[in-house]
*Asks:* 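Shown below is the structure under consideration.
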Amino acid sequence: MPLVTTGELVTRAATARSAVAAFNIITLEHVEAVITGAESLGAPVVLQVSENAVKFRYGRLLPLARAAVVAAERAAVPVALHLDHVRSDDLLRQAADAGFGSVMYDAAHLPYAENLAATRAAADWAHSQGLWIEAELGEVGGKQGRPALDAHAPGARTDPAEARAFVADSGVDALAVAIGSAHAMTERTATLDHDLLKRLTTTLDVPLVLHGSSGVRDDELTAAVAGGIAKVNVGTALNIAMTGAIREFLAAHPEAVDSRTYLSVGRDAMAEAARRIIQLLGR
C-alpha cells in the first residue's frame with residue numbers, strides 16, 4: 001500500500017474523536033512489529049524515527065528510513081512515516097528525500113522567542129517541501145522567576161493563550177502539549193491535566209499530540225483521546241516489551257546464541273504491545 005501522510009491520519013482520527021498511534025522505531029524488528037500489530041486490527045499507524053534513533057544508527061537516516069518505507073509499502077494497512085524530535089536543521093532537510101511525509105521540529109527547550117523563530121523557519125521550509133509539521137510548547141519562562149521548561153520537564157504545562165499565539169505565529173500543523181506526561185517513563189504513574197486539555201482543545205484549531213504516553217495508564221489515555229488528543233506517541237512501551245521478552249527467553253535458554261531466536265520473541269512482544277495500544281486508542 002502506498003505511504004500515506006501523518007496529517008491525513010491525524011485529521012481522520014480527530015474527526016472520528018479517536019487518535020492515531022505513532023510508534024518510535026529503532027530496529028527493523030520495531031518496524032515489523034508495529035506493522036504486524038496494526039494489520040491485526042486493520043488500523044492505520046505512524047512509524048516515527050527520532051533524531052536519537054538516527055544517532056544510534058551512526059548518524060545515518062537512510063538505512064532505517066528506507067527499510068520503513070519498503071515495509072510500509074508492503075503493509076495491508078495505511079502507514080505514515082514521521083521524523084520525530086528533530087533539532088538538527090541538517091537532519092530536518094533530509095526528511096523529504098528520505099520518504100517522510102511529516103516532521104516534528106523540537107525547539108521547545110529554547111526560550112519562547114527563539115523557539116518561535118526556529119519553528120517558523122522550520123515550518124516554512126517543511127511546507128515548501130509538502131511536509132506536515134508538528135511542534136512542541138512547554139511552559140514559557142518568566143512566571144514567578146522560573147526559567148522556561150521543556151514540554152516534558154516535571155511540572156511543565158502548556159498555557160492555552162501562549163499556545164494559540166505560538167500556533168498562529170509559527171504556522172505549524174499540530175502541537176504537542178505539556179499536560180503531565182513525560183518521556184522515557186518505565187512506570188505508568190503519570191496523571192494528566194484533563195481540565196487543561198479541555199482548555200487547549202477549545203482554544204486551538206490544530207490537532208493536539210500527546211508525547212510520553214508510555215507512562216500513562218489506559219484510563220488516562222482514553223480520557224485524553226476523548227478530550228481531544230488526536231495523535232499519541234509511543235516509544236518506551238515497545239522497548240519495555242522487547243527487552244522483557246528477550247530477558248525472559250535468555251534466562252530460560254542460556255545456551256541460545258542465534259539472535260533470531262530471541263529477536264523473534266522480542267518482535268512478537270512488541271507486536272502485541274502495539275496492537276493493544278492501537279486498539280485502546282479507538283482505531
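Start at 1 with the first residue, then count along the sequence. Note that the structure is a prediction, hence the values are computed from the model and not measured.
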*Asks:* Quick one, Leu210 and Leu197 - any side-chain contact, counting heavy atoms below 4.5 Å?
*Replies:*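 Heavy-atom side-chain distance check fails, nothing below 4.5 Å.
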*Asks:* How long is the straight-line distance from OG1 of Thr261 back to CD of Glu255, given to the nearest 0.5 Å?
*Replies:* 8.5 Å
*Asks:* Any side-chain to backbone donor/acceptor pair from Asp173 onto Glu134? Under 3.5 Å, distance only.
*Replies:*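 Pair absent, no side-chain N/O of Asp173 close to backbone of Glu134.
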*Asks:* Nearest 0.5 Å, what's the NZ-OG1 distance between Lys231 and Thr6?
*Replies:* 6.5 Å
*Asks:* Determine yes or no for a side-chain-to-main-chain donor-acceptor pair under 3.5 angstrom, with Ser18 supplying the side chain and Leu281 the backbone.
*Replies:*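 No, Ser18 side chain to Leu281 backbone: no donor-acceptor pair under 3.5 Å.
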*Asks:* Quick check: closest heavy atoms across Val31 and Ala71, and the distance to 0.1 Å?
*Replies:* CG1-CB, 3.6 Å
*Asks:* State plainly whether the residues Arg276 and Asp218 are in salt-bridge range, i.e. N to O under 4.0 Å.
*Replies:*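 Yes.
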*Asks:* Any side-chain heavy atom of Leu200 sitting closer than 4.5 Å to one from Pro160?
*Replies:*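 In short, these two side chains touch, coming nearer than 4.5 Å.
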*Asks:* Just how far is it from atom CD1 of Ile25 to atom CG of Leu64, taken to the nearest 0.5 Å?
*Replies:* 4.5 Å
*Asks:* Please report the shortest heavy-atom distance between Met104 and Ala135, naming the atom on each side.
*Replies:* CE-C, 4.0 Å
*Asks:* Look up atom CG in Asp84 and atom CZ in Phe23, then write down how far apart they are to the nearest 0.5 Å.
*Replies:*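 Nearest 0.5 Å value for the CG-CZ distance: 13.0 Å.
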*Asks:* What's the verdict on side-chain contact (heavy atoms from CB on, under 4.5 Å) for Arg157 and Asp193, showing C-alpha distance, side-chain angles and the deciding distance?
*Replies:* CA-CA 9 Å; Arg157 295 292 184 271; Asp193 188 335; 3.9 Å; yes
*Asks:* If Ile, Leu, Val, Met, Phe, Trp and Tyr residues are connected whenever their side-chain heavy atoms lie under 4.5 Å apart, and connections chain through other members, are Phe56 and Met270 in the same group?
*Replies:*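 As far as the 4.5 Å side-chain criterion goes, Met270 and Phe56 are not connected within one cluster.
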*Asks:* If you count heavy atoms of other groups shown closer than 6.0 angstrom to CD of Glu248, is the number above 12?
*Replies:* no
*Asks:* What verdict does the side chain to side chain donor-acceptor pair (under 3.5 Å) test give for Asn24 and His30, after you've listed the backbone C-alpha separation in whole Å, the side-chain angles of each residue and the deciding distance to 0.1 Å?
*Replies:* CA-CA 8 Å; Asn24 283 78; His30 283 75; over 6 Å; no
*Asks:* Are any of the side-chain heavy atoms of Val232 and Val20 separated by less than 4.5 Å?
*Replies:*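 Val232 does not reach Val20 side chain to side chain.
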*Asks:* Would you indicate whether the side-chain heavy atoms of His127 and Ile133 approach each other to under 4.5 Å?
*Replies:* yes
*Asks:* Is Leu41 reachable from Leu221 through a run of hydrophobic residues whose side-chain heavy atoms are each under 4.5 Å from the next?
*Replies:* yes
*Asks:* So, the side chain of Thr222 versus the backbone of Asp219: is there a donor-acceptor pair under 3.5 Å, distance only?
*Replies:*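 Checked: pair present.
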*Asks:* Walk me through it: do Asn233 and Val209 pass the test side-chain contact (heavy atoms from CB on, under 4.5 Å)?
*Replies:* CA-CA 8 Å; Asn233 286 16; Val209 181; 3.8 Å; yes
*Asks:* Judged by atom type as modelled, is there a donor-acceptor pair below 3.5 Å linking the side chain of Glu51 to the main-chain atoms of Ser88?
*Replies:*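 The answer is yes, because a donor-acceptor pair under 3.5 Å joins these two groups.
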*Asks:* Could you measure the distance from the CH2 atom of Trp125 to the CG atom of Leu92? Nearest 0.5 Å is fine.
*Replies:* 5.0 Å
*Asks:* Shortest non-hydrogen contact from Thr119 to Ala107?
*Replies:*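 Looks like OG1-CB, 4.0 Å.
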*Asks:* Looking at Asp195 and Arg199, is any side-chain nitrogen of the basic one under 4.0 Å from a carboxylate oxygen of the acidic one?
*Replies:* no
*Asks:* Taking the side chain as C-beta and beyond, is there a heavy-atom pair between Val4 and Val79 under 4.5 Å?
*Replies:* no
*Asks:* Check for a donor-acceptor pair, side chain of Glu220 on one end and backbone N or O of Leu192 on the other, with a separation under 3.5 Å.
*Replies:* yes
*Asks:* Check for a donor-acceptor pair, side chain of Asp106 on one end and backbone N or O of Ala108 on the other, with a separation under 3.5 Å.
*Replies:*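 Flag set: sc Asp106 to bb Ala108 pair under 3.5 Å.
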*Asks:* Show your reasoning for whether side-chain contact (heavy atoms from CB on, under 4.5 Å) applies to Leu47 and Val34.
*Replies:* CA-CA 8 Å; Leu47 299 176; Val34 169; 3.5 Å; yes
*Asks:* Any side-chain donor-acceptor pair under 3.5 Å between Tyr105 and Asn115?
*Replies:*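 Result is no, nothing qualifies.
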*Asks:* Give the minimum heavy-atom separation between Ile278 and Ala43, together with the two atoms involved.
*Replies:*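 Minimum heavy-atom separation between Ile278 and Ala43: CG2-CB, 3.6 Å.
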*Asks:* Going by side-chain contact (heavy atoms from CB on, under 4.5 Å), Thr201 matches just one of Leu208, Ile229, Leu196, Val177. Which one?
*Replies:*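 Among Leu208, Ile229, Leu196, Val177, the one that satisfies the side-chain contact (heavy atoms from CB on, under 4.5 Å) with Thr201 is Leu208.
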*Asks:* Report whether Leu62 and Val49 are members of the same hydrophobic cluster (ILVMFWY, side-chain heavy atoms less than 4.5 Å apart, transitive linking).
*Replies:* no
*Asks:* Using 30° and 60° as the class limits, which term best fits the ring planes of His211 and His85: parallel, tilted or perpendicular?
*Replies:*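 Rings of His211 and His85: perpendicular, over 60°.
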*Asks:* Within the structure provided, determine whether Trp132 and Leu9 are in side-chain contact (heavy-atom separation under 4.5 Å).
*Replies:*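 Result no, sub-4.5 Å side-chain heavy-atom pair not found.
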*Asks:* Say you draw a straight line from CE of Met242 to CG of Leu238; how long is it, rounded to the nearest 0.5 Å?
*Replies:*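 Going from the CE atom of Met242 to the CG atom of Leu238 covers 9.5 Å.
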*Asks:* If I compare all heavy atoms of Ala21 with all of Val45, which pair ends up nearest, and what's the gap?
*Replies:*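 In this case the closest contact between Ala21 and Val45 is O-CG2, 3.5 Å.
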*Asks:* Taking the side chain as C-beta and beyond, is there a heavy-atom pair between Pro44 and Val77 under 4.5 Å?
*Replies:*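 A side-chain contact under 4.5 Å is absent here.
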*Asks:* So does Val172 get a backbone contact from the side chain of Arg120, meaning a donor-acceptor N/O pair under 3.5 Å?
*Replies:*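 Between the backbone of Val172 and the side chain of Arg120 there is no qualifying donor-acceptor contact (under 3.5 Å).
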*Asks:* Work out which heavy atom in His194 is nearest to a heavy atom in Ala224; give both atom names and the distance.
*Replies:*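 So the minimum-distance heavy-atom pair works out to CE1-N, 3.8 Å.
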*Asks:* Is Arg275 reaching over with its side chain to a backbone N or O of Ala38, donor-acceptor style, under 3.5 angstrom?
*Replies:*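 Between the backbone of Ala38 and the side chain of Arg275 there is no qualifying donor-acceptor contact (under 3.5 Å).
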*Asks:* Would a single hydrophobic cluster contain both Ile26 and Leu61, if residues Ile, Leu, Val, Met, Phe, Trp and Tyr are joined by side-chain heavy-atom contacts under 4.5 Å?
*Replies:* no
